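None of the values given here were measured: they were computed from a predicted structure. Note on naming: letters A, B, ... go to the chains in the order of the sequence lines (proteins, then strands), and numbering restarts at 1 for each one.
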Amino acid sequence: MQMQSPKGTRDLLPKESHAWQWVEQIMREEAALAGYREIRTPVFEHTELFLRGVGDTTDIVQKEMYTFLDKGGRSITLKPEGTAGAVRALVEHRLYTEPLPIKIYYLNSPIFRYENPQHGRLREHHQFGMECFGTMEPSADAEVILSILSVLNRIGLKNLSVKINSIGCPVCRPGYHEALKAFLTRRVDRLCPLCKERLERNPLRVLDCKVEGCREASRGAPSILDYLCGECDAHFTTLKALLSTRGLEAQVDSGIVRGLDYYTKTVFEIIVQTPKGEMTLCGGGRYDGLVEQIGGPSLPGVGFGIGTERIILEMQNQGVSAPEPRLTDVFLASLDDEGRRAAFNACMELRAAGVKADCDHQARSLKSQFRYADKLGVRLVAVVGGEELARGAVRLKSMADGVESEALLEELAPLVLKRLENESV
RNA sequence: GUGGGUGUAGUUCAGUGGUUAGAGCGCCAGAUUGUGGCUCUGGAAGUCGUGGGUUCAACUCCCAUCACCCACCCCA
């Protein structure tokens, strides 16, 4: 049997990694602009963290976690989402003793979910996330939404839409649960088996079901928005106003309930319209009770996670490509053994001067070296050897126009630097 | 987890029971003396996903298995 990467995993190959780096750079810059600092937490955590954080009625916890016992008998789980680990670290290291709010982000943290792979759905994927702790203000909710939108806009993605909703808080949600449960119970016979269970433990999730019967059954269901308490309602109204101020008319969609239990008040998704339907790029919201559930102080929070694979996928769909860095600017070709030594030496000198330089490592013919240099897309080729080398010189050829000139070896670095700068392509 | 499709060189694919399995692109090299892109010529490269079975004979038929793709489910 041939070795291959495990089901649902992918190798990031050199020809695509530059696109990732470009996207990462934009994420870092936007996070930094908003005062967020990077945090890196372990790939695995105690299973307990996710049971308490993510919620044990969720699909993620019930059937999608990579959980195993380690050799010490501890139950360990590979991160199925990014927020819980960040919250654990925040609590463990008392980061909340710093001036509030605490703003942190994680970049391409690997995320694991055991499910059937499909387009844009892997068992291991990577997420960028921003989390803001210690403020109840809707401006924080607006900030994280606008930050990630700014990232997506800078990348150049089109056809994006933002859906928001409020799912209330411990004050108002019980009342809504009751009303929703009463409503659905009257139509229970039309619900799918899964939703019949959900009805008891988490009726909100029935609204998210895609089964036709359930969709019909939930038509005309009471809306959470009608049950929000004064505080939640005011929060939601202000958030919408803030987004609107920034020219963002978010689509209010009471069907957005999210797959994680820790959310309170604001939940949102960023969707992209594709020819095959819509794809969720980003999901997030407010989680005012989470820090306390994890064993920390009562500290509100709001944030999001976004899948990098999906961003890259959609970039390809939309024909958006990251600028491709030139691999090598100058190639040192050699004519003979003496030239090979000198070319190697000159190559290292150029690198020391900050020039992307390379030389022949295959002992190839000059013709082949040129062919190779051409494929690399280099801008200048220096031919080292022969009678020029005896005079301490090389022939320097510009690959774009084929023009050659002679250059002294000892002046090569400054000359090359100047030419690369002048003819910057 | 359920249902459908696919699996042949690095890659995109041809090849449906019969000698040493093919093509385009890519890769490597050559086309007279020290030079790329175009063209021409040559070369390397495949346990035909894996394991069983049927047959005188299997890439081709059957079974299983693995992986990928698509749908459901869910979401990033």
The complete set of salt bridge (Lys or Arg N to Asp or Glu O under 4.0 Å) pairs with one or both residues in residues 302-322 of chain A, sequence neighbours excluded, reads none
From CD of Glu269(A) across to P of C74(B) the rounded distance in Å is 12 Å
With sequence neighbours left out, the residues meeting ring pair (Phe, Tyr, Trp, His ring centres under 6.0 Å) with Tyr176(A) are Tyr227(A)
In short, side-chain hydrogen bond (donor to acceptor under 3.5 Å, both in side chains) pairs touching residues 342-355 of chain A with sequence neighbours left out are Arg351(A)-Asp358(A)
In RNA chain B, stems of three or more consecutive pairs, Watson-Crick or G-U, each with both distances under 3.5 Å, turn out to be B:1-7 with B:66-72, B:10-13 with B:22-25, B:27-31 with B:39-43, B:49-53 with B:61-65
message = Suppose we call a contact any N or O donor and acceptor under 3.5 Å apart; does that hold for the side chain of Gln362(A) and the base of A29(B)?
response = no
Between G46(B) and C40(B), how far is it from one C1' atom to the other, in whole Å? 27 Å
Exercise. Check every strand shown and say whether Gly377(A) touches a base, only sugar-phosphate, or nothing at a heavy-atom separation below 4.0 Å.
Key: nothing
Q: Please state the P separation for the pair A45(B) and C28(B) - nearest whole angstrom.
A: 16 Å
With rounding to whole Å, what would you report as the distance between G22(B) and G43(B) at their P atoms?
-> 13 Å
note: Met279(A), atom CE; C74(B), atom C1'; distance rounded to Å ~ 15 Å
ask   = How is Gly82(A) classified with respect to the nucleic acid when contacts are heavy atoms under 4.0 Å: base, sugar-phosphate, or nothing?
value = nothing
Check if the side chain of Glu404(A) and the base of U35(B) share a donor-acceptor pair of N or O atoms closer than 3.5 Å. yes
Is it the case that atom CZ in Arg246(A) sees more than 12 heavy atoms from other parts of the structure closer than 6.0 Å? no
Please list, for nucleotides 2-13 of chain B, all pairs of protein and nucleotide N/O atoms separated by less than 3.5 Å.
{"residue": "U2(B)", "atom": "O4", "partner": "Asn116(A)", "partner atom": "ND2", "Å": "2.9"}

Comparing nearest nucleotides in RNA chain B, the 5'-proximal residue of the pair His119(A), Gly284(A) is His119(A)
Arg123(A) meets the side chain to side chain donor-acceptor pair (under 3.5 Å) criterion, sequence neighbours left out, with none
Considering only the C1' atoms, how many Å lie between A14(B) and G53(B), rounded to the nearest integer?
28 Å
What nitrogen or oxygen pairs link the protein and nucleotides 30-34 of chain B at under 3.5 Å?
{"residue": "G34(B)", "atom": "O6", "partner": "Glu388(A)", "partner atom": "OE1", "Å": "3.3"}
{"residue": "G34(B)", "atom": "N1", "partner": "Glu388(A)", "partner atom": "OE1", "Å": "2.9"}
{"residue": "G34(B)", "atom": "N1", "partner": "Glu388(A)", "partner atom": "OE2", "Å": "3.1"}

Discussion item. Rounding to an integer number of angstrom, what distance separates G15(B) and G49(B) when you compare their P atoms?
Written reply: 15 Å
- Is Glu404(A) salt-bridged to Arg395(A), going by a charged N under 4.0 Å from an acidic O? yes
Once hydrogens and angles are ignored, does a donor-acceptor distance under 3.5 Å link the base of G36(B) to the side chain of Asp374(A)? yes
Hits for side chain to side chain donor-acceptor pair (under 3.5 Å) against Gln25(A), two or more places apart or cross-chain, chain-then-number order -> Glu29(A)
query = Could you walk me through whether Ser150(A) and Asn153(A) pass the side-chain hydrogen bond (donor to acceptor under 3.5 Å, both in side chains) check?
reply = CA-CA 5 Å; Ser150(A) 181; Asn153(A) 286 333; over 6 Å; no
Ignoring hydrogens and angles, are the base of G1(B) and the side chain of Lys63(A) linked by a donor-acceptor pair under 3.5 Å? no
With sequence neighbours left out, the residues meeting ring pair (Phe, Tyr, Trp, His ring centres under 6.0 Å) with Phe331(A) are Tyr372(A)
Rounded to whole Å, CD of Gln118(A) lies from C1' of C75(B) at a distance of 11 Å
Query raised in the report: Does any donor-acceptor pair link the side chain of Arg364(A) with the base of C28(B) at a separation under 3.5 Å?
Result: no
Arg10(A) with Glu16(A): basic N within carboxylate O range, under 4.0 Å: yes
Test your reading of the model: is there a side-chain donor-acceptor pair from Glu45(A) to the backbone of Ile76(A), 3.5 Å cut-off? no
Taken to the nearest whole Å, CD/Gln127(A) to P/C75(B) is 13 Å
Sorted by chain and number, sequence neighbours left out, ring pair (Phe, Tyr, Trp, His ring centres under 6.0 Å) with Tyr66(A) holds for Tyr114(A)
request  = Indicate whether OP1 or OP2 belonging to C73(B) is found under 4.0 Å from a side-chain N or O atom of Arg121(A).
outcome  = no
Checklist line | Inter-nucleotide C1' distance (A31(B), G51(B)), Å rounded | finding: 49 Å
| message | Using the P atom as the point on both nucleotides, what is the distance between G3(B) and U65(B), in whole Å? | response | 12 Å
Between CG of Leu380(A) and P of U35(B) the distance, given in whole Å, is 19 Å
When rounded to whole Å, the CD to C1' distance for the pair Glu131(A) and A76(B) reads 14 Å
Could you tell me how far G5(B) sits from U41(B) if I compare only their C1' atoms? Round to whole Å.
42 Å
Which pairs of donor and acceptor atoms, one on a side chain in residues 178-187 of chain A, lie under 3.5 Å apart (sequence neighbours left out)?
{"residue": "Thr185(A)", "atom": "OG1", "partner": "Lys181(A)", "partner atom": "O", "Å": "2.5"}
{"residue": "Arg187(A)", "atom": "NH1", "partner": "Ala217(A)", "partner atom": "O", "Å": "3.2"}

Tyr36(A) meets the ring pair (Phe, Tyr, Trp, His ring centres under 6.0 Å) criterion, sequence neighbours left out, with none
Here the distance between atom P of C73(B) and atom CD1 of Ile60(A), to the nearest Å, is 17 Å
note: Leu313(A), atom CG; C75(B), atom C1'; distance rounded to Å ~ 14 Å
Nearest-nucleotide check on RNA chain B, Leu122(A) vs Lys7(A); residue mapping nearer the 5' end is Lys7(A)
